[in-house]
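As structure tokens, the structure follows; a few thoughts come after it.
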Amino acid sequence: MSVLIAIPARYASTRYPGKPLATLKGATGETKSLIQRSWEAACQVKGVDRVVVATDDDRIREAAEAFGAEVVMTSEDCANGTERCAEAYDNLGGGFDIVVNLQGDAPLTPAWFVEDLIEGLRNDPVAEVATPVLRCDGRALNGFLEDRKAGRVGGTTAVFTKDRHAMYFSKEVVPFTSEIYADDAETPVFHHVGVYAYRPSALGAYPRWQAGPLETLEGLEQLRFMENGHKVLCVEVEARGRQFWELNNPEDVPRIEAMMAEMGTP
């Protein structure tokens with residue numbers, strides 16, 4: 001099955017304008033843009049036929065082409081990364097069996113997260129979309145709770161059925177737990193990792209649906225699939241000692257740089 005990875009990137013973010021061009025310093029002191037680090041993460045994934053950056057902004061296009069990425073230009077009308085991936089797929093002429101949306105704000109995404117995601121979708125005859133989830137340890141959960149107390153949007157959490165089909169995603173911490181967890185303790189909360197794998201039929205239908213009330217309230221694009229009755233598979237992945245965090249706010253830059261330093265990421 002042929003696989004395309006598309007990295008949607010827009011300049012005009014409400015919370016963090018110009019985010020794809022924000023720079024991150026690695027463990028060796030080398031500074032690279034967020035979009036470059038995300039592209040490099042995508043290129044580490046095995047079994048992928050093509051990797052492209054999908055953007056509507058010439059500044060991002062120029063930066064991406066400068067470090068060697070293939071760029072697909074999309075319109076300014078895309079409401080989210082899924083719509084941008086759908087347009088990029090069409091602009092490329094289709095022809096792939098699975099399309100992966102590796103969002104451009106997740107440079108710490110390990111390659112095996114995406115590899116497990118692709119394999120999970122291949123093996124599930126019902127699901128049309130798949131996305132990774134990572135069980136939180138106490139350190140990650142406490143970070144989520146601190147963000148919410150401070151009024152910041154942190155990570156997204158997921159709850160799902162026994163067969164791993166999603167029940168809900170939220171920017172709040174769900175499910176609720178009153179227990180206090182040590183940093184290295186296992187918790188019942190799952191962190192949703194912002195990567196998606198789509199079958200082309202579901203991806204093609206997505207832009208034709210109106211955003212529903214849950215997507216609008218949460219600001220989470222994957223809820224549109226669920227609100228329209230489509231199964232989203234949650235693929236549990238393992239951290240293997242790696243730390244993971246998305247760049248949602250300017251305050252996340254030092255947090256991610258500290259993680260990169262700790263893991264020795266150049």
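What's counted below: heavy atoms across the whole structure, side chains too, no hydrogens, waters or symmetry copies.
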What is the distance from atom CG of L21 to atom CD of E62, rounded to the nearest 0.5 Å?
-> 10.0 Å
Residue pairs, two or more places apart or on separate chains, that pass salt bridge (Lys or Arg N to Asp or Glu O under 4.0 Å) and touch residues 115-125 | E119-R122
Without swapping roles, check the side chain of T156 against the backbone of H192 for a donor-acceptor pair under 3.5 Å.
-> no
Within the distance-only criterion (no hydrogens, no angle test), does the side chain of T187 pair as donor or acceptor with the backbone N or O of G138 below 3.5 angstrom?
-> no
Nearest 0.5 Å please: distance from the OG atom of S170 over to the CD atom of E218.
-> 3.5 Å
Taken in chain and number order and not counting sequence neighbours, the residues that satisfy side-chain hydrogen bond (donor to acceptor under 3.5 Å, both in side chains) with E186 are none
Pair E221-Q103, side chain to side chain contact (heavy atoms under 4.5 Å, CB included): steps then yes or no | CA-CA 12 Å; E221 62 204 88; Q103 299 192 89; 3.5 Å; yes
Cut-off 3.5 Å, no hydrogens considered: what does the side-chain donor-acceptor table look like for residues 106-114, sequence neighbours left out?
residue: T109; atom: OG1; partner: A106; partner atom: O; Å: 2.7
residue: W112; atom: NE1; partner: E238; partner atom: O; Å: 2.7

Sorted by chain and number, sequence neighbours left out, side-chain hydrogen bond (donor to acceptor under 3.5 Å, both in side chains) with E40 holds for K32, Q36
Contact check, side chains of V48 and V100, non-hydrogen atoms, under 4.5 Å = no
Pair listing, salt bridge (Lys or Arg N to Asp or Glu O under 4.0 Å) test, anchored in residues 253-266, at least two apart | R139-E262, D147-R255, D252-R255
So do the side chains of M73 and D58 get within less than 4.5 Å of each other, counting heavy atoms only?
-> yes
Between F160 and V189, is there a shared hydrophobic cluster once you connect ILVMFWY residues whose side-chain heavy atoms come closer than 4.5 Å?
-> no
Answer yes if V133 and L233 sit in the same cluster of Ile, Leu, Val, Met, Phe, Trp and Tyr residues linked by side chain heavy atoms under 4.5 Å apart, and no otherwise.
-> no
Cluster membership besides V52, Ile/Leu/Val/Met/Phe/Trp/Tyr side chains within less than 4.5 angstrom, sorted by chain and number, is L4, V72, Y89, L92, F96, V99, V129, V159, M167, Y168, F169, V174, Y196, Y198, L203, Y206, W209, L214, L220, L223, F225, M226, V232
Just jot down the salt bridge (Lys or Arg N to Asp or Glu O under 4.0 Å) partners of E227, sequence neighbours excluded, or say none.
-> none
State, yes or no, whether a side-chain contact exists between R224 and E83 at a heavy-atom distance under 4.5 Å.
-> yes
Taking all non-hydrogen atoms of both residues, which atom of D49 and which atom of S2 are closest, and how far apart?
-> OD2-CA, 3.1 Å
By side-chain hydrogen bond (donor to acceptor under 3.5 Å, both in side chains) - contacts of E246 (at least two apart) | none
Residue pair E87, T74: steps toward the side chain to side chain donor-acceptor pair (under 3.5 Å) verdict | CA-CA 6 Å; E87 186 174 327; T74 56; 4.9 Å; no
Can we say E70 and R50 salt-bridge, meaning some charged N sits less than 4.0 Å from an Asp/Glu carboxylate O?
-> yes
Partners of F67 by ring pair (Phe, Tyr, Trp, His ring centres under 6.0 Å), sequence neighbours excluded?
-> W39
Approximate separation, where rounding is to 0.5 Å, of T265 OG1 and L24 CG = 10.5 Å
Nearest 0.5 Å please: distance from the OG1 atom of T131 over to the CG atom of L121.
-> 11.0 Å
Pairs flagged by salt bridge (Lys or Arg N to Asp or Glu O under 4.0 Å) wherever residues 159-174 is involved - sequence neighbours left out | R148-E172, R164-E236
State plainly whether one hydrophobic cluster holds both I180 and F176, where clusters connect Ile, Leu, Val, Met, Phe, Trp and Tyr through side-chain heavy atoms under 4.5 angstrom apart.
-> no
For residues 17-31, pull every pair meeting side-chain hydrogen bond (donor to acceptor under 3.5 Å, both in side chains), keeping only residues two or more places apart or in separate chains.
-> K19-D105
Can you check side chain to side chain contact (heavy atoms under 4.5 Å, CB included) on V253 and L247, steps first, answer last?
-> CA-CA 7 Å; V253 171; L247 202 161; 3.9 Å; yes
Ring pair (Phe, Tyr, Trp, His ring centres under 6.0 Å) partners of Y181, counting only residues at least two apart = none
Please step through side chain to side chain contact (heavy atoms under 4.5 Å, CB included) for the pair F190 and C234, ending with a clear verdict.
-> CA-CA 10 Å; F190 282 85; C234 292; over 6 Å; no
Do the side chains of H165 and V126 get nearer than 4.5 Å, heavy atoms only?
-> yes
From E215 atom CD to Q222 atom CD, the distance as rounded to the nearest 0.5 Å = 8.5 Å
Donor-acceptor contact below 3.5 Å, side chain R10 vs main chain A12 | yes
